[in-house]
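The structure under discussion appears below in the form of C-alpha cells.
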Amino acid sequence: MKYLVSLLLLIPLFSFSQSFTIEYDVNVNVLNRKGILKFNKNENSFYSEKNNEVSDKEDKDQEIGSLKKTFFLGGNNNELRVQIYNQKKDTLFNIDYLVNEEVLCVEKFPVMQWQLMSEKKLISNFLCSKAITHFRGRNYIAWFAIDLPIQIGPWKFNNLPGAILQVYDETNNYSWSATKISTNLEDENFKIDKNLKKISLQNYIEQDEKLKKEISNTALLKFIQRGAEIVERKYERGRETEFEWE
C-alpha cells in the first residue's frame with residue numbers, strides 16, 4: 001500500500017524530548033565519507049560530513065594511450081561540510097566551499113514529500129519501513145525507524161516519521177548507512193563563524209560550477225599536452241542535478 005506523506009506531519013520536526021547522535025557511512029560517487037547527525041531537543045540540530053578517503057576515478061588504457069576522464073563538480077577536498085537545521089526559521093544553513101573558500105550557503109528549508117511503501121527490514125536491530133522520494137533530480141529510497149522519533153536525517157533528508165537509518169539513490173552512487181546510534185545527555189550546538197561569507201544556494205551553485213569547470217579544463221589541457229586522447233569528457237553535478245530556479 002502506498003500513500004503520500006503531506007508536507008506537515010502530525011508531529012513537528014523538532015518536538016521530541018531526547019537528543020540523539022547517529023553516525024553514517026557515506027558514499028558520494030567516488031568519495032567515502034563519515035557523516036554525523038546531531039539531533040538536539042533544544043538547540044539547532046546539525047549534520048556534518050567529512051571525507052575518509054579520495055579515489056582517483058581515471059580509467060587508463062596504456063596500449064592506445066587514451067584516457068577516460070570524468071570530472072565531478074562536487075569537490076574532493078577533505079574539509080568539514082555542515083547542514084544546520086534552524087528550529088525557529090524556515091531556513092537551512094550549509095557550510096561549504098568555493099574551491100578553498102569556506103562560505104555559508106543559505107536556502108529555504110526543503111521539506112520533502114515521500115511515498116511510504118509496505119516493505120520492512122531490520123537495520124541495527126530496528127524495524128525499518130521503506131519510503132521513496134524524488135529530490136532535485138534524483139530518486140531516493142529510504143529506510144526509517146519509527147522507534148527513533150527523529151524527523152530529520154543525514155544531509156538534507158527530512159520529513160519521515162522516524163530516523164533514517166539507510167538512504168540511497170536509485171543508481172546507488174549516493175548512499176548513507178547508519179553505523180552507530182546513541183542518545184545524548186546534553187545538546188551539542190554548532191557555532192557558525194560570524195565572519196563567513198553568506199551566499200544564496202543559486203549563487204553558490206553558479207559560482208561553484210564555474211570554478212570547478214575552470215579547474216577541470218586546466219587539468220584536461222595537461223592530459224592533452226601529454227599526448228592523451230580524451231575518449232569521454234563528462235561533468236556530473238552530484239547529489240543535486242536539478243534546481244527550482246531552472
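- The CD1 atom of Ile205 sits 15.5 Å away from the NZ atom of Lys210 when rounded to the nearest 0.5 Å.
- Judged by distance alone, with hydrogens and angles left aside, the side-chain atoms of Asp208 form no donor-acceptor pair with the main-chain N or O of Lys212 at under 3.5 Å.
- A chain of hydrophobic side-chain contacts below 4.5 Å, direct or via other Ile, Leu, Val, Met, Phe, Trp or Tyr residues, connects Ile146 to Ile132.
- Within 6.0 Å of the CG atom in Asn172, the count of heavy atoms belonging to other residues, nucleotides or ligands exceeds 12.
- In this structure the side chain of Val167 reaches within 4.5 angstrom of the side chain of Pro154, judged on heavy atoms.
- A heavy-atom distance below 4.5 Å is found between the side chains of Leu98 and Ile199.
- Taking SG from Cys105 and CD from Gln83, the interatomic distance works out to 9.5 Å, rounded to the nearest 0.5 Å.
- By the 6.0 Å contact criterion, CD on Glu186 is open, its count of non-hydrogen atoms from other residues, nucleotides or ligands being 12 or less.
- Within the 3.5 Å criterion, the main-chain N or O of Tyr97 finds a donor-acceptor partner in the side chain of Tyr204.
- Of the N and O atoms on the side chains of Gln166 and Tyr168, not one donor lies less than 3.5 Å from an acceptor on the other residue.
- Panel note: side chain Asn159, backbone Met112; a donor-acceptor pair is recorded below 3.5 Å.
- For Tyr140, the ring-ring contact (aromatic ring centres under 6.0 Å, His included) criterion is met by Phe157, not counting sequence neighbours.
- Under the 4.5 Å side-chain heavy-atom criterion for Ile, Leu, Val, Met, Phe, Trp and Tyr, Ile36 and Ile95 are members of distinct hydrophobic clusters.
- With contacts defined as side-chain heavy-atom distances shorter than 4.5 Å, the pair Phe190/Phe93 does not qualify.
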Show the numbers, then the answer: is there a side-chain contact (heavy atoms from CB on, under 4.5 Å) between Ile164 and Leu37? CA-CA 10 Å; Ile164 296 174; Leu37 173 65; over 6 Å; no
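- Residues Phe109 and Thr91 form no side-chain contact, since every pair of their non-hydrogen atoms from C-beta on lies 4.5 Å or further apart.
- The pair Glu244-Lys108 does not count as a salt bridge, with every side-chain nitrogen at least 4.0 angstrom from each carboxylate oxygen.
- Clustering ILVMFWY residues whenever any of their side-chain heavy atoms sit less than 4.5 angstrom apart, transitively, puts Val106 in the very cluster that holds Leu80.
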Please step through side-chain contact (heavy atoms from CB on, under 4.5 Å) for the pair Trp114 and Thr133, ending with a clear verdict. CA-CA 5 Å; Trp114 297 85; Thr133 192; 3.5 Å; yes
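- Between Tyr24 and Tyr47, the closest side-chain pair of non-hydrogen atoms falls below 4.5 Å.
- To the nearest 0.5 Å, atoms OG (Ser182) and CD (Glu23) are separated by 6.5 Å.
- Between the CZ atom of Phe126 and the CD1 atom of Ile181 there is a distance of 4.5 Å, given to the nearest 0.5 Å.
- Side-chain atoms of Asn86 do not come within 3.5 Å of backbone N or O of Leu92 as any donor-acceptor pair.
- Defined by atom type and a distance below 3.5 Å, a donor-acceptor pair is present between the side-chain atoms of Ser19 and Asp187.
- In summary, of the residues considered (Arg239, Arg81, Lys156), a salt bridge (charged side-chain N to carboxylate O under 4.0 Å, His left out) with Glu49 occurs for Arg239 alone.
- Contact between Phe144 and Gly162 at its shortest, heavy atoms only, is CB-O, 3.7 Å.
- Between the Asn158 side chain and the Pro110 main chain, a donor and an acceptor come within less than 3.5 Å of each other.
- Note on Glu242 versus Arg237: no salt bridge recorded, every NZ/NE/NH1/NH2 to OD/OE distance being 4.0 Å or above.
- Taken to the nearest 0.5 Å, the CG atom of Asn94 stands 8.0 Å off from the CG atom of Leu104.
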Take Ile22 and Phe39, measure what side-chain contact (heavy atoms from CB on, under 4.5 Å) needs, and give me the verdict at the end. CA-CA 8 Å; Ile22 304 179; Phe39 176 85; over 6 Å; no
Go through Tyr174 and Asn27 one step at a time and tell me if the side-chain contact (heavy atoms from CB on, under 4.5 Å) criterion holds. CA-CA 5 Å; Tyr174 300 86; Asn27 288 298; over 6 Å; no
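- Counting non-hydrogen atoms of neighbouring residues, nucleotides and ligands closer than 6.0 angstrom, the NZ atom of Lys121 exceeds 12 such neighbours.
- Neither side chain, Asn52 nor Arg33, offers a donor N or O lying under 3.5 Å from an acceptor on the other.
- No side-chain donor-acceptor contact under 3.5 Å links Tyr85 and Asn44.
- When the side chains of ILVMFWY residues are joined at heavy-atom separations under 4.5 Å, either directly or via intervening members, Met117 and Leu127 end up in two distinct hydrophobic clusters.
- Separating the CD atom in Glu102 from the CD atom in Glu79 is a distance of 7.0 Å, to the nearest 0.5 Å.
- At a threshold of 4.5 Å between side-chain heavy atoms, the hydrophobic network of Ile, Leu, Val, Met, Phe, Trp and Tyr places Leu165 and Leu122 in two separate groups.
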